[in-house]
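Accompanying notes for the structure given below.
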Amino acid sequence: RFCPGLRVCEPAESPVEGSSPEAMNFPVPWRGLLPLDAVPVVVGDGGRALREICDATGAGIEISGDGETPSTLSDKICTVSGSIEQKEAACRRLVDKLRGLQEVSDQEPGVFVIIVPATAAPVVVGQKGAQIREIIELSGAEISVGKENIIGMLDQPIGITGTGGQVVSAVSKINAILQDLADRGRLQPSDFKFRPGAVASSPEGIGGLGGRSSQPPGGGHPRTHAKFVVATSVAGWIIGKQGRHIRELQENSGAHIQVHKEGDVPPGVSPADRVVEIGGRFEARAEGIQIILMAIDSMPALQAPRETQMLIPKHLTSDCELRDVQQMSGAEVEVRDLPGHEESLCTLLGSVEARVKAAQRVLTRLEEAQVAREGSAGAPGLALE
């Protein structure tokens with residue numbers, strides 16, 4: 001059927017291959033994002049184009065209407081249901097329509113963005129990126145997993161770049177992982193529906209309604225990012241051709257790695273330098289520090305710097321704090337004040353292993369200071385200026 005604002009084609013009755021009612025919890029729907037300018041092309045006059053896709057593939061297709069997405073999301077959500085073959089066939093037709101809008105030829109890469117429940121994203125990526133690398137190798141597509149939820153949703157975006165066949169292959173393999181999670185009871189139908197007002201849970205209790213821990217929690221605090229200052233040539237090495245190297249570094253560490261644009265540096269830092277910021281869970285940030293510094297150290301001969309510059313809040317640059325970092329790592333630490341800025345520029349000297357340990361120790365102290373600050377903020381009867 002086709003309804004204003006809802007746009008639904010019911011899937012034809014067809015069992016999902018390889019599954020039985022006993023084995024399958026529920027068939028997982030495939031969801032992707034449609035830019036607003038693509039909706040008229042996909043739907044067609046009076047819904048004709050959408051019905052043609054449904055009739056040709058047997059799949060059910062629903063395009064979100066008003067109130068079915070957050071107000072901050074300009075795209076529409078396209079949900080495809082049916083058997084695996086039906087969903088693959090419908091997905092290919094949808095991708096082909098988007099490729100037409102992107103004006104790419106058959107063998108040129110086009111982009112398609114799908115969404116997955118945020119709770120399932122770590123499983124899709126796999127330990128140290130093993131799962132997503134396998135999907136990339138098998139499908140031939142480039143895949144970038146968003147590190148943050150879509151604002152107002154409990155879902156994360158995954159960008160897939162490749163030919164039509166590569167994109168559909170990657171979409172199918174990612175959704176096969178979601179189907180396995182659903183079959184094991186780890187995903188429910190409600191995980192694939194927009195829930196207005198839903199807020200992502202905080203497993204560690206930091207920033208949520210639960211109690212606070214006096215130790216750095218396993219997930220760390222998202223605002224305590226590690227920040228490094230690197231030369232432009234080093235920033236280019238980190239990013240790599242078409243962003244491939246930085247994506248690989250992110251997948252291997254699980255961290256979110258951002259290279260700030262040129263000139264976006266604190267006062268007192270050379271405008272020719274770039275800031276590299278590492279965010280994510282505490283363990284991912286610690287892993288990201290090691291992977292980034294080791295990657296920089298592996299640059300071609302004579303190009304790799306033998307020191308590491310790090311932006312550190314001034315309250316963590318006292319003599320006592322610096323001695324702690326030096327004793328824990330074996331690195332030397334030099335500090336330069338940046339007038340008018342809340343951070344100081346610290347230079348870590350020593351072997352790359354010592355510099356990694358020093359930067360990770362700074363990260364731990366950042367985390368501990370943030371937890372202590374939150375604990376003070378939550379203490380009853382304590383007024384903070």
Side-chain angles (χ1 to χ4, degrees), residues 1-11 26-51 53-54 57 59-82 87 90-102 110-122 124 143-161 167-168 170-172 174-175 177-179 181-182 187-202 256:
R1 65 179 185 276
F2 182 82
C3 306
L6 191 58
R7 302 188 177 99
V8 180
C9 298
E10 298 291 356
F26 65 93
V28 163
W30 296 9
R31 298 178 298 158
L33 296 181
L34 290 181
L36 279 180
D37 60 353
V39 174
V41 176
V42 172
V43 174
D45 187 23
R48 184 177 304 162
L50 192 65
R51 279 196 295 269
I53 296 176
C54 294
T57 64
I61 302 176
E62 176 179 345
I63 298 178
S64 61
D66 293 341
E68 295 178 326
T69 57
S71 59
T72 51
L73 182 65
S74 59
D75 296 340
K76 295 293 185 181
I77 298 175
C78 181
T79 303
V80 181
S81 55
K87 287 183 285 194
C91 182
R92 179 57 193 259
R93 290 179 181 247
L94 291 168
V95 166
D96 286 346
K97 286 186 177 291
L98 289 176
R99 289 174 60 83
L101 285 172
Q102 295 168 13
V111 181
F112 184 50
V113 180
I114 65 172
I115 58 176
V116 302
T119 54
V124 172
I143 302 176
S144 176
V145 181
K147 299 299 179 183
E148 305 290 341
N149 289 11
I150 296 172
I151 296 174
M153 297 183 68
L154 300 181
D155 298 282
Q156 285 180 231
I158 298 179
I160 304 173
T161 304
V167 168
V168 174
V171 171
S172 182
I174 290 170
N175 278 283
I177 296 172
L178 302 186
Q179 185 65 65
L181 291 173
L187 288 176
Q188 300 301 323
S190 59
D191 292 315
F192 296 86
K193 297 183 183 297
F194 171 56
R195 288 172 278 174
V199 179
S201 62
S202 176
H256 175 64

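The chain is numbered in sequence order, starting from 1.
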When rounded to the nearest 0.5 angstrom, what is the spacing between [atom1] in [X] and [atom2] in [Y]?
| X | Y | atom1 | atom2 | value |
| --- | --- | --- | --- | --- |
| Leu34 | Lys97 | CG | NZ | 11.0 Å |
| Lys76 | Leu33 | NZ | CG | 12.0 Å |
| Met153 | Ile77 | CE | CD1 | 3.5 Å |
| Ile114 | Ile174 | CD1 | CD1 | 4.0 Å |
| Leu154 | Asn149 | CG | CG | 6.5 Å |

Ignoring hydrogens and geometry, is there a side-chain-to-backbone donor-acceptor pair from Gln179 to Val28 under 3.5 Å?
yes
Main-chain N/O of Gly46 paired to Arg51 side chain as donor or acceptor, under 3.5 Å
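Yes, the answer is positive, given that a donor and an acceptor are paired below the 3.5 Å cut-off.
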Of the options Val171, Ile115, Ile143, which is the one that meets Ile158 in a side chain to side chain contact (heavy atoms under 4.5 Å, CB included)?
Ile143
Qualifying residues under side chain to side chain donor-acceptor pair (under 3.5 Å), relative to Thr69, sequence neighbours excluded:
none
Can you sort out the partners of Arg92 under side chain to side chain donor-acceptor pair (under 3.5 Å), two or more places apart, ordered by chain and number?
Asp96
Around [X], counting heavy atoms of other residues, nucleotides and ligands shown, do more than 12 lie under 6.0 Å from its [atom1]?
| X | atom1 | result |
| --- | --- | --- |
| Leu36 | CG | yes |
| Gln102 | CD | yes |
| Asp37 | CG | yes |

Could you note down all residue pairs passing side-chain hydrogen bond (donor to acceptor under 3.5 Å, both in side chains) where residues 27-36 supplies at least one of them, sequence neighbours left out?
Arg31-Asp155
